[in-house]
Amino acid sequence: MADPKGFLTTPRQEAPRRPVEERVRDWDEVYVPGGLLPIVGAQADRCMDCGIPFCHEACPLGNLIPEWNELVARDDWRAASERLHATNNFPEFTGRLCPAPCEAGCVLAINQPAVTIKNVEVAIADRAWDEGFVAARPPERLSGRTVAVIGSGPAGLAAAQQLTRAGHTVAVYERDDRVGGLLRYGIPSFKMEKRQLDRRVAQLVAEGVRFRTSVEIGRDLGADRLRARYDAVVVATGATAWRELDVPGRELAGIHQAMEYLPLANRVGEGDLAVSPLTAEGKHVVIVGGGDTGADCLGTAVRERAASVSQLDIYAQPGDVRDEEAEPWPTYPKLYRLSAAHEEAGELRTAPAADADARLFAASTLRFTGDADGHVRQVHLVEVDAGRRPRVGTERGLPADLVLIALGFHGPERRAGGLGDQLGLGIGERGGFARDAAFATEVPGVFVAGDAGRGQSLVVWAIAEGRAAAAAVDRWLTGSTRLPVPIGAHDRPMGV
């Protein structure tokens, strides 16, 4: 470690956010540009360089966190970038979007605030781009083997980059008109500006990856033709089959899935639309679901100038400190966290009836009611106990002109005659496409990576899966591999 007493003398300090009144008027990232650089060296110095760094175990990528912390503390940004990119293809993605299980596993977090690992990571990634440390790495020679990757989210992009660098010719098929999957049309720009994605895509193109957009495998191009054209296929379509809310009134107009709403807002940012057809402007908005997707809807609705925004979370409001019995270190604890969107909603008082910020906790949706034209006008909810049983006498209503359902996803899309059927893929225990521990399906040469096999997960797990699946494909094509294998297909996050 650069400063052996840093964790004792330096308090935790996170990246500063722009003032709420300023940032809700645009779609730029919420953080002060360059705000990390004056503080990140001292924050990296808080790393204890422990004998057994549990941050490694908590991170599925196996990021070499103590190493690049020390290099940042010593102001050696080039070396820090090399160590960071040795395990992570896209650290600017994880540094912005990952909830940082590594910080939950930080040894310092046993009795102090953890090292700001995520902030150090994104600072290295941004500095690497600014200083020109990131360059295309095309292979020295080609193997003569070809691979098709279906899906251009983080798992598909990571698999494509690893396989291309191993010398294989890779084509990525994306059904949307632009590359990126949920990174493009699901994640709002205030969390990650699209230029972060665009320059990585440009790097992959320079390395030799070929992208085929607006092509849905199973519809525009049959899976049998794809298999005949390529030596191997990686299915990385994500877990995009959303969970439904089956309550009375669901058929009313004005009730939409989050992933119907968010892509349209992102298309406005891309210049495809002047105004979203589902804009929240002037409307009373209720978001059903307390997770990250719901928070993305919240921040988007605030920027669209909704009349009010409330977010319903069926779980009770968590505490501010770890429950050592239920969620002991180094597992990831359920704590009360204030995302940028919740900070904005709280300061602007978008939901005066909320328990905290815009959220109503322990709230379950009973039904929707509407007007004579069949448009939703009210959400009826009830308070529930820890067993999700309604509490007598707690029913109430919220005004609603737009309801957004953000209850997560239960696996890849499955329709008769679609991709899964055409490839002959089975369904695993967790609802994803079935595969063995090495990401291979029962169909020779067909592999599954990311949420399509794992189910809904985190961006860091998607990248780790893409890297590991690439190694499995390389081994299948050539008989051996030098590509890293950070995880197995059946590995899971640390738990109790």
Side-chain angles (χ1 to χ4, degrees), residues 1-3 6-24 28-48 54-55 58-59 63 65-66 68-73 75 77 80 84 88 91-127 130 187-193 196 292 295-296 298-299 318-322 329-330 332-347 356-357 458-460:
M1 67 186 79
D3 181 358
F7 68 96
L8 296 173
T9 60
T10 304
R12 177 182 169 105
Q13 188 176 2
E14 298 186 30
R17 294 170 178 167
R18 295 188 289 140
V20 167
E21 286 287 352
E22 172 190 319
R23 69 187 195 235
V24 297
D28 298 340
E29 290 182 8
V30 301
Y31 294 101
V32 175
L36 267 176
L37 289 180
I39 65 173
V40 72
Q43 291 303 303
D45 242 347
R46 296 183 70 236
C47 180
M48 302 165 67
F54 275 82
C55 55
C59 175
N63 280 335
I65 295 166
W68 40 258
N69 272 331
E70 179 175 358
L71 291 165
V72 168
D75 206 30
W77 292 92
L84 178 57
N88 189 347
E92 66 272 33
F93 299 173
T94 50
R96 287 172 166 84
L97 305 177
C98 182
C102 54
E103 293 187 16
C106 175
V107 172
L108 188 57
I110 294 174
N111 61 2
Q112 293 188 48
V115 175
T116 55
I117 298 170
K118 179 176 172 177
N119 281 181
V120 178
E121 177 181 36
V122 78
I124 298 170
D126 288 351
R127 185 69 176 264
D130 292 343
I187 300 298
S189 292
F190 58 80
K191 287 181 69 174
M192 188 181 81
E193 295 174 8
Q196 306 290 347
D292 288 343
D296 292 345
L298 174 64
D320 295 323
V321 296
R322 182 194 293 269
W329 176 90
Y332 191 79
K334 185 175 179 60
L335 300 174
Y336 176 74
R337 295 179 173 89
L338 197 65
S339 72
H342 291 120
E343 179 186 44
E344 294 157 5
E347 187 168 320
D357 44 76
L458 306 177
V459 62
V460 66

Could you state the interatomic distance from [atom1] ([X]) to [atom2] ([Y]), rounded to the nearest 0.5 Å?
X      : Y      : atom1 : atom2 : answer
Cys106 : Phe54  : SG    : CZ    : 11.5 Å
Asp75  : Arg127 : CG    : CZ    : 6.0 Å
Trp329 : Ile110 : CH2   : CD1   : 4.0 Å
Asp3   : Cys47  : CG    : SG    : 11.5 Å
Ile117 : Asn69  : CD1   : CG    : 6.5 Å
Glu14  : Lys118 : CD    : NZ    : 9.0 Å

Please tell me if the side chains of [X] and [Y] come closer than 4.5 Å, counting only heavy atoms from C-beta onward.
X      : Y      : value
Pro66  : Cys55  : yes
Ser189 : Asp28  : no
Asp45  : Thr10  : no
Cys102 : Ile65  : yes
Leu97  : Ile187 : yes
Gln43  : Val115 : no
Tyr332 : Pro99  : yes

Residue pairs passing the side chain to side chain donor-acceptor pair (under 3.5 Å) test where at least one lies in residues 94-107, sequence neighbours excluded: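 Every pair satisfying side chain to side chain donor-acceptor pair (under 3.5 Å) with a residue in residues 94-107: Arg12-Glu103, Glu29-Arg96, Asn88-Thr94, Thr94-Glu121, Arg96-Asp126.
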
Can you list every pair that meets side chain to side chain donor-acceptor pair (under 3.5 Å) and has a residue in residues 106-116, with sequence neighbours left out?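 Sorted pair list comes back empty.
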
For [Y], does its backbone N or O pair with a side-chain atom of [X] as donor and acceptor, under 3.5 Å?
X      : Y      : answer
Asp357 : Glu343 : no
Arg46  : Ala114 : yes
Arg23  : Ala340 : yes

With sequence neighbours excluded, what pairs up with Ala80 under the side chain to side chain contact (heavy atoms under 4.5 Å, CB included) test?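 Trp68, Leu71, Val72, Ile124.
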
What heavy-atom pair brings [X] and [Y] nearest, and what distance separates the two atoms?
X      : Y      : value
Leu298 : Ala341 : CD2-O, 3.8 Å
Pro113 : Leu108 : O-CD2, 3.5 Å
Ala125 : Leu84  : N-CD2, 4.2 Å
Phe190 : Asp296 : CZ-O, 3.9 Å
Ala104 : Ala109 : O-CB, 4.3 Å
Val30  : Glu344 : CG1-OE2, 3.9 Å

Assess the side chains of Tyr31 and Asn119: does a donor N or O sit below 3.5 Å from an acceptor N or O?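 No, no side-chain donor-acceptor pair sits under 3.5 Å.
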
